[in-house]
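Quick notes on the structure that follows.
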Amino acid sequence: MKRIKIADVLKSESFGNEILVKGWVRTKRVSKNVCFIALNDGSTINNLQIVIDVTPEMEELLAKIHTGASLSVLGKTVESAGSGQKVELQCINPEILGQANPDEYPLQPKRHSLEFLREIAHLRFRTNTFSAVFRIRHAMTFAIHKFFNDKGFSNIHTPIITGSDAEGAGEMFQVTTLDIEKMPRTEDGKIDYTQDFFGKMTNLTVSGQLEAELAAMGLSEVYTFGPTFRAENSNTARHLAEFWMIEPEMAFYDINDDMDLAEEMLQYLVKYALENCREDLEFLHKRREEEQKQKPQNERDSMGLIDRLEFVVANEFARVTYTEAIDILKNSNANKKGQFAYPVESWGTDLQSEHERYLVEKHYKKPVILIDYPKEIKAFYMKQNEDGKTVRAMDVLFPQIGEIIGGSQREEDYEKLLNRINEMHIPEKDMWWYLETRKFGTVPHSGFGLGFERLMLFVTGMGNIRDVIPFPRTPKNAEF
RNA sequence: UCCUCCUUAGCUCAGUUGGUUAGAGCACCUGACUGUUAAUCAGGGGGUCCUUGGUUCAAGUCCAAGAGGGGGAGCCA
């Protein structure tokens, strides 16, 4: 008999069907004549209640079933006599697929700390919280491809191993097949990379942007969605050494088109989650509410998870220039009362996260897109404004997460781009291919990068980025 | 990398000014219970108090170093 998923069983309106389900035991409750097992197969946050009549011959089998065991159950769907569910499965034939020794199995039918579950990341998929998070992660992955596909974008697979160290987005992981114990040297004592696999020094990519730009110069509208690697020693709840990034790159888009797309995409994705992940979001919403109750009144969120998501879908993002933002911050009461650890004084310095949070959470009380940053604090490829001081950069700032998107209109003028490359001491010879796109049929174009796990933080309301990726990679941690 | 907090039973945590045999809830085992909802009730077993060194008559408790983890900051997505 073919197995039916628990999500489908719980949805069905008819009773009396003989069906086969398989899954893992969440809890077992035994009394004299009847035993209840909550079975979950990951197809939904909800469990199917299995009802087993306790007979002498059944007792031996029941004694082997504990939380975590895997079962195959043949049974008949019946209207539940209890109040917790509409349908349940009257067991005809239970079979244990795999036992879970309760003395060793670490998960119990109780609340575990996220820190503890992180240490058993191989088992945490079996918890309500993480199964909900990873179902949502899948839905967001799918929705991203759907969004771009429906708009006529092409997905581009940019290289994971890169020979260019000019991307400038951060420290890189080196890739080599050379024997680290005895590296080959040239006559002047430097490492001889001509003997390495690619004949040159290579690293894991920190961004697919430069390659995506090349593709956009022929396909018009493209996006990448792939893994990205940063060897920064970042120890925060918002950083990973290995994460996934979405990078659209569009020919003929100026900075305003770029912002429109970023805003439309974020609202589309959040709306998609609200419409397609309702039960999981409701579970996470309640979970968060309980968590908030533990906190002192003044640290609690003003909005629940679902309210916050609905708010983002319903409200336009604020669009503010860097210069306006500095004025707002400079004149804010927080600044005058010395509440910032880094007081806002002069134009030209980068904003601290406390400043970004103030703008988003206190001043505008909604997502903010900051544009026209000083060129000194931004990357070489960003389009220079006529004022000679700023570039057409845009950062999308979200409540509690901070920067979720960083993007810009790209500099399409060959001379201006080359000047900037030289000013910033980027090796020109490594960038010949990038520069040639400006030499031959250059067009105005724009793009941005969305940190997928940061989007996940916002959509799920989880507090730590390590809990929205199955196997987090952070400094001193590559377990599993 | 910097600041700060934490580490006690399988899990979550309590442990008073340093003082006899280190506790609770959950989990596990035994028993009770006619349908439970993280079932309930009674009883039982379970400890390298993170590691090393020090202070002291006496250290889970005080001091130092180390390890692991959390929160904040920087870097960024």
Side-chain angles (χ1 to χ4, degrees), chain A residues 25-38 46-54 63 66-68 78-85 88 90 100-120 127-128 167-171 206-209 227-247 262 294-295 299 340-342 350-354 356-357 377-379 395-398 401-407 448-458 463-467 469 474-477 479:
Chain A
V25 174
R26 285 295 172 76
T27 60
K28 182 181 79 166
R29 297 176 288 274
V30 194
S31 61
K32 194 173 184 180
N33 299 321
V34 65
C35 170
F36 301 97
I37 289 170
N46 299 307
N47 303 322
L48 177 64
Q49 174 153 283
I50 312 291
V51 186
I52 304 175
D53 292 328
V54 178
H66 295 95
T67 298
V78 294
E79 194 165 2
S80 180
S83 60
Q85 56 283 314
E88 61 191 21
Q90 182 65 48
N101 183 344
D103 293 333
E104 295 171 45
Y105 186 64
L107 294 173
Q108 301 157 38
K110 60 166 278 190
R111 194 186 191 86
H112 287 97
S113 70
L114 295 173
E115 292 82 12
F116 171 67
L117 293 172
R118 218 171 282 152
E119 285 165 22
I120 50 165
T127 64
N128 287 332
E167 287 162 0
E171 293 296 309
V206 292
S207 165
Q209 179 197 316
T228 310
F229 307 88
R230 306 260 170 104
E232 308 282 349
N233 191 10
S234 296
N235 293 287
T236 80
R238 302 181 304 281
H239 289 86
L240 291 164
E242 179 183 293
F243 64 100
W244 290 68
M245 188 152 64
I246 298 103
E247 294 179 288
Q294 313 293 317
K295 291 185 180 174
E299 286 176 29
F340 289 136
Y342 298 86
D350 211 350
L351 298 178
Q352 304 290 320
S353 31
E354 60 177 346
E356 295 179 349
R357 272 206 309 274
I377 58 175
K378 288 291 178 184
D395 285 1
V396 181
L397 309 177
F398 261 38
I401 289 136
E403 187 178 342
I404 195 167
I405 280 180
F448 60 82
L450 166 70
F452 185 51
E453 284 76 17
R454 290 199 179 164
L455 171 76
M456 282 295 299
L457 282 179
F458 182 75
N464 193 312
I465 203 161
R466 291 159 208 189
D467 296 329
I469 188 168
T474 53
K476 301 273 185 293
N477 191 351
E479 193 71 43

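Naming: A, B, ... by sequence-line order, numbering from 1 per chain.
Set against B:A73, B:U34, B:G72, the side chain of A:Asn33 has B:U34 as its closest nucleotide. For A:Glu115, the listed nucleotide lying nearest its side chain is B:G70; candidates were B:C29, B:G35, B:G70. Distances from the side chain of A:Arg230 to the nucleotides B:A73, B:G35, B:A77 place B:A77 closest. The side chain of A:Val34 sits closest to B:G35 out of B:G72, B:G35, B:G74. Listed nucleotides: B:A77, B:U34, B:G69. Nearest to the side chain of A:Glu119: B:G69.
Within 4.0 Å (heavy atoms only), A:Leu455 reaches no atom of the nucleic acid at all. The residue A:Asn464 sits close only to the backbone: its heavy atoms come under 4.0 Å of sugar-phosphate atoms, none of a base. Across all strands shown, A:Gly82 has heavy atoms under 4.0 Å from base atoms, whether or not it also approaches the sugar-phosphate. Nucleic acid contact for A:Phe229: none, since no nucleic acid atom lies under 4.0 Å from a heavy atom of the residue. Using a 4.0 Å heavy-atom criterion, one finds that A:Glu242 contacts no nucleic acid atom at all.
With sequence neighbours excluded, no residue forms a ring pair (Phe, Tyr, Trp, His ring centres under 6.0 Å) with A:Phe448. The side-chain hydrogen bond (donor to acceptor under 3.5 Å, both in side chains) test applied to A:Thr236 returns A:His239, not counting sequence neighbours. Residues passing the side chain to side chain contact (heavy atoms under 4.5 Å, CB included) test with A:Ala237 are A:Asn464, sequence neighbours excluded. Legend: residues meeting side-chain hydrogen bond (donor to acceptor under 3.5 Å, both in side chains) with A:Glu104, ordered by chain and number and at least two apart, are A:Asn101. Residues satisfying the side chain to side chain contact (heavy atoms under 4.5 Å, CB included) test with A:Phe340, not counting sequence neighbours, are A:Leu329, A:Ser332, A:Ala334, A:Asn335, A:Val344, A:Glu354, A:His355, A:Tyr358. The ring pair (Phe, Tyr, Trp, His ring centres under 6.0 Å) search around A:Phe116 returns A:His112, not counting sequence neighbours. Scanning for side-chain hydrogen bond (donor to acceptor under 3.5 Å, both in side chains) contacts around A:Asn233 gives A:Asn235, with sequence neighbours left out. Residues satisfying the side-chain hydrogen bond (donor to acceptor under 3.5 Å, both in side chains) criterion with A:Asp395, sequence neighbours excluded, are A:Tyr373, A:Lys378.
Considering only side-chain N and O atoms, A:His239 lies nowhere under 4.0 angstrom from the phosphate OP1 or OP2 of B:U1. The shortest distance between the side-chain N/O atoms of A:Thr27 and the OP1/OP2 oxygens of B:A38 is not below 4.0 Å. Look at A:Gln49 and you won't find any side-chain N or O under 4.0 angstrom from OP1 or OP2 of B:U36. At B:U1, one or more side-chain N or O atoms of A:Asn233 fall inside 4.0 Å of OP1 or OP2 (strictly under the cut-off). Applying the 4.0 Å criterion to OP1 and OP2 of B:U37, one finds that A:Arg26 has every side-chain N and O outside that range. In this model, the phosphate group of B:A39 is not approached by any side-chain N or O of A:Ser31 to a distance below 4.0 Å at OP1 or OP2. The phosphate of B:C33 has neither OP1 nor OP2 within less than 4.0 Å of any side-chain N or O from A:Arg29. Contact between the side-chain N/O atoms of A:Ser353 and the OP1/OP2 oxygens of B:A73 is found at a separation under 4.0 Å.
Side-chain to base pairing of A:Asn47 with B:U37: no donor and acceptor N or O lie closer than 3.5 Å to each other. Donor-acceptor pairing under 3.5 Å, judged by distance alone, is present between the side chain of A:Gln85 and the base of B:U36.
A side-chain donor from one of A:Ser207 and A:Glu247 sits under 3.5 Å from a side-chain acceptor of the other.
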Show the atom names and distances, to 0.1 Å, of all donor-acceptor pairs under 3.5 Å that link a side chain in residues 25-37 of chain A to residues at least two apart or in another chain.
from    : atom 1 : to       : atom 2 : distance (Å)
A:Arg26 : NE     : A:Arg126 : O      : 2.9
A:Arg26 : NH1    : A:Asn128 : OD1    : 2.6
A:Arg26 : NH2    : A:Arg126 : O      : 2.8
A:Thr27 : OG1    : A:Arg29  : NH1    : 3.1
A:Lys28 : NZ     : A:Leu62  : O      : 2.7
A:Lys28 : NZ     : A:Ile65  : O      : 3.0
A:Arg29 : NH2    : A:Gln49  : OE1    : 3.1
A:Ser31 : OG     : A:Val34  : O      : 3.3

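Two residues are said to be in side-chain contact when any heavy atoms from C-beta on lie closer than 4.5 Å; A:Phe243 and A:Arg230 meet this criterion. Using a 4.5 Å heavy-atom cutoff, the side chains of A:Phe229 and A:Val206 are not in contact.
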Identify each atom pair where a protein N or O and an N or O of nucleotides 5-14 of chain B are less than 3.5 Å apart, giving names and distance.
from  : atom 1 : to       : atom 2 : distance (Å)
B:G10 : N2     : A:Gln108 : OE1    : 2.7
B:G10 : N2     : A:Gln108 : NE2    : 2.5
B:G10 : N3     : A:Gln108 : NE2    : 3.3
B:C11 : O4'    : A:Gln108 : NE2    : 3.4
B:C11 : O2     : A:Lys110 : NZ     : 2.7
B:U12 : OP1    : A:Ser113 : OG     : 3.1
B:U12 : O4'    : A:Lys110 : NZ     : 3.3

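Note: CG (A:Leu107) to P (B:A38) measures 17 Å, nearest angstrom. One can place CD1 of A:Ile52 at 14 Å from P of B:A39, the figure rounded to the nearest angstrom. The distance from atom CD of A:Glu232 to atom C1' of B:G74 is 10 Å, rounded to the nearest whole Å. Counting to the nearest Å, the C1' atom of B:U37 and the CG atom of A:Asn128 are 13 Å from each other. The distance from atom CG of A:Leu351 to atom P of B:G74 is 11 Å, rounded to the nearest whole Å. Put simply, CD on A:Gln352 is 16 Å from P on B:G72, counting in whole angstrom units.
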- Message: Base contacts versus sugar-phosphate-only contacts with protein, heavy atoms under 4.0 Å: please encode nucleotides 40-49 of chain B as B, S and - from 5' to 3'.
- Response: ----------
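Using a distance-only test at 3.5 Å, with no hydrogens or angles considered, a donor-acceptor pair links the side chain of A:Asn477 to the main chain of A:Glu479. Checking side-chain atoms of A:Glu453 against main-chain N and O of A:Trp244 turns up a donor-acceptor pair under 3.5 Å.
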- Query: For RNA chain B, what is the dot-bracket line, given that a base pair needs Watson-Crick (N1 to N3, plus N6-O4 or O6-N4) or G-U wobble (N1-O2 and O6-N3) geometry with both distances under 3.5 Å, and | means paired with another strand?
  - Reply: (((((((..((((.....[...)))).(((((.......))))).....(((((..]....))))))))))))....
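Each of A:Gln90 and A:Asn235 was assigned the nucleotide of RNA chain B with the nearest heavy atom; the assignment lying further toward the 5' end belongs to A:Asn235. Each of A:Arg118 and A:Ile405 has a nearest nucleotide on RNA chain B; the 5'-most of these lies closest to A:Arg118.
Centre separation under 5.5 Å together with a plane angle under 30° does not hold for the ring of A:Phe36 and the six-membered base ring of B:G35, so they are not marked as stacked.
Taking atom P on both B:G69 and B:A59, the two are 30 Å apart, rounded to the nearest angstrom.
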